[in-house]
Each structure stands twice: as C-alpha cells, then as structure tokens.
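These notes concern the structure reproduced below.
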Amino acid sequence: MDKSIVEMIFELKFACMSKEESIREKLDISPAEYRGILSLRPGKVVSCMQLSNAMGLSKSRGSRVVDKLIASGYLKEAKKVDDKRVFNIMLTKAGEKALREINILMKECETAILKNVPKAELKSFTHTLHKISEIVKP
C-alpha cells in the first residue's frame, strides 16, 4: 500500500527532528531555545519582544526562553543607545558558535537532498514543498 502524503510529511519531519535533536542534546538546549538561536544573526541586536515573535511565542514564554539562553551563555543583554528602556539581546560568542553548528547540520542535510534529487525534479519539488507549507500554516 502506498503511503499518504501526510505520512510521508511526518516521516520527513521525524527524520529532520532526529537530526535537530542530536544537535540540541549536544548544545543542551530545548526546542524553543533552538528556535531562538536560529532566529538571531551574529552582531544583530533585537528586543526580547522581537525574538519572542520570531519564535512564535508569547512575550512571557519568550522572556523565559531568553532568560535560559542568557543563563546558558548563548545570549547577552545589549543596550541600544536610542532606547535603554527596552530589553535587548544578542548572541554571545558561544551563541554564534552554536548557530554555526546548527547551520552546518542544516547544510549537510540540504547537501544530501540536493545530491539525491535530480536537478530536473528539484524546481518542481521545491515549489511543491512551498505550496504544502502554505496550505498547512496555522
């Protein structure tokens, strides 16, 4: 019996999650903390609210994730000259290193996909993934 589209999507999701889990375990971070690190760019200062929005979390939940990332040494408070009232954050050197490790893992996964999907199919495949992503967005 052929697998349904949803079954194949879940298989892909679990395969990706397994790779993500291995890096999260190495870095000792939660899924929310992982998303937080991925939402930042080296040298860029953002507010706690901006990061919470990027992670898809409420302000209070985002604040707890930020506190944990600060305590773990991945983030630090960064004062903006124009508004010292807002709680701003940025990646530390350890956070930048963690982001590089995450990006390396993601690049390895992408390289494996690109190596095994013929170029002629890749454009259609990518288009279909985008379409499915838009359909299932909450």
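This chain uses plain numbering: 1 for the first residue, then up along the sequence. None of these values were measured; they are calculated from a predicted model. Heavy atoms only: backbone and side chains are in, while hydrogens, waters and symmetry mates are out.
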**Item:** Closest heavy-atom pair and its distance - G73, A94
**Value:** O-CB, 3.5 Å
**Asked** How long is the span from the NE2 atom in H127 to the CD1 atom in I132, to the nearest 0.5 Å?
**Response** 10.0 Å
**Asked** Minimum heavy-atom separation for A98 to I37, with atom names?
**Response** CB-CD1, 4.3 Å
**Request:** For Q50 and S47, run side-chain contact (heavy atoms from CB on, under 4.5 Å): C-alpha distance rounded to whole Å, both residues' side-chain angles, the deciding distance at 0.1 Å, then the answer.
**Result:** CA-CA 5 Å; Q50 288 171 313; S47 70; 3.2 Å; yes
**Asked** In Å and rounded to the nearest 0.5 Å, what is the CD1 to CG distance from I102 to L38?
**Response** 4.5 Å
**Asked** Are the side chain of S39 and the backbone N or O of L51 linked by a donor-acceptor pair below 3.5 Å?
**Response** no
**Asked** How many angstroms lie between CD1 in I9 and OG in S4, if you round to the nearest 0.5 Å?
**Response** 8.0 Å
**Asked** Just wondering, more than 12 heavy atoms not from M106 lying within 6.0 Å of its CE?
**Response** no
**Message:** Using the rule that Ile, Leu, Val, Met, Phe, Trp and Tyr join whenever any side-chain heavy atoms are under 4.5 Å apart, tell me whether L114 and L129 fall into a single cluster.
**Reply:** yes
**Request:** For the pair R24 and E33, find out whether any cationic side-chain nitrogen is under 4.0 Å from an anionic carboxylate oxygen.
**Result:** no
**Request:** Nearest 0.5 Å please: distance from the OG atom of S58 over to the CZ atom of R64.
**Result:** 6.5 Å
**Request:** Look at atom CG of D28 and say whether more than 12 heavy atoms of other residues, nucleotides or ligands are closer to it than 6.0 Å.
**Result:** no
**Message:** I'd like to check the side chain to side chain contact (heavy atoms under 4.5 Å, CB included) partners of R35; sequence neighbours left out, ordered by chain and number.
**Reply:** P31, A32, M55, L57
**Message:** Strictly distance-based, threshold 3.5 Å: is any side-chain N or O of E121 a donor or acceptor partner for the main-chain N or O of P118?
**Reply:** no
**Asked** Is the backbone of L27 close enough, under 3.5 Å, to the side chain of Y74 for a donor and an acceptor to pair up by distance?
**Response** yes
**Message:** Using side-chain contact (heavy atoms from CB on, under 4.5 Å), reason through L99 and L40 one step at a time and then give a plain yes or no.
**Reply:** CA-CA 8 Å; L99 180 60; L40 295 168; 5.7 Å; no
**Short N-O contact, K26 and E101, less than 4.0 angstrom** = yes
**Prompt:** Are more than 12 heavy atoms from other residues, nucleotides or ligands located less than 6.0 Å from atom CD1 of I5?
**Reply:** no
**Message:** Between K3 and E11, is the side-chain contact (heavy atoms from CB on, under 4.5 Å) condition met? List the steps.
**Reply:** CA-CA 10 Å; K3 294 178 184 175; E11 280 183 8; 2.5 Å; yes
**Complete:** To the nearest 0.5 Å, atom CG of L105 lies from atom NZ of K19 at 7.0 Å
**Item:** Trace of the side-chain contact (heavy atoms from CB on, under 4.5 Å) decision for K44 with M90
**Value:** CA-CA 6 Å; K44 182 164 179 167; M90 65 185 296; over 6 Å; no
**Rounded distance (nearest 0.5 Å) linking atom CG of N88 with atom SG of C48** = 9.5 Å
**Item:** Other ILVMFWY residues reachable from F10 by side-chain steps of under 4.5 Å
**Value:** V6, F14, M17
